[in-house]
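Please read the structure below before turning to the comments.
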Amino acid sequence: MLLATVGVVGAVGGEAGLSPTRIAANVMSNPLPYLLSLMAAAVWAAYSVFSPRLAGGRDGITVFISGVAAALWM
């Protein structure tokens with residue numbers, strides 16, 4: 001967990017470290033990676049919540065991941 005946090009701080013802050021104005025400038029200059037990571041977090045949260053419900057005692061992972069892939073493909 002610590003290594004992941006250090007990696008995020010390094011990727012977001014760069015050599016200047018964490019600065020709110022620098023982070024905002026990074027996001028505004030290249031928003032696609034931030035948007036993709038936000039989408040990945042939302043998909044993972046939805047998977048974590050709905051997968052057990054969709055499974056109904058069976059393995060629903062294949063159906064769920066296929067549905068997510070189809071939705072994101074569009």
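Being a predicted model, the structure only gives us computed values, none of them experimental.
Other residues, nucleotides and ligands contribute more than 12 heavy atoms inside 6.0 Å of the CG atom of L72.
A single hydrophobic cluster is seen to contain both Y47 and M39, as judged by linkage of ILVMFWY side chains at heavy-atom distances under 4.5 Å, directly or through other members. Transitive grouping of hydrophobic side chains (ILVMFWY, heavy atoms separated by less than 4.5 Å) keeps V43 and L38 in distinct clusters. In terms of hydrophobic clustering, with Ile, Leu, Val, Met, Phe, Trp and Tyr side chains grouped at heavy-atom distances under 4.5 Å, L36 and V68 are assigned to different clusters. Put simply, W44 and V49 are part of the same group of oily side chains (I, L, V, M, F, W, Y) that touch within less than 4.5 Å, one to the next.
Between N26 and Y34, the shortest heavy-atom distance links the atoms CB-OH, 3.6 Å.
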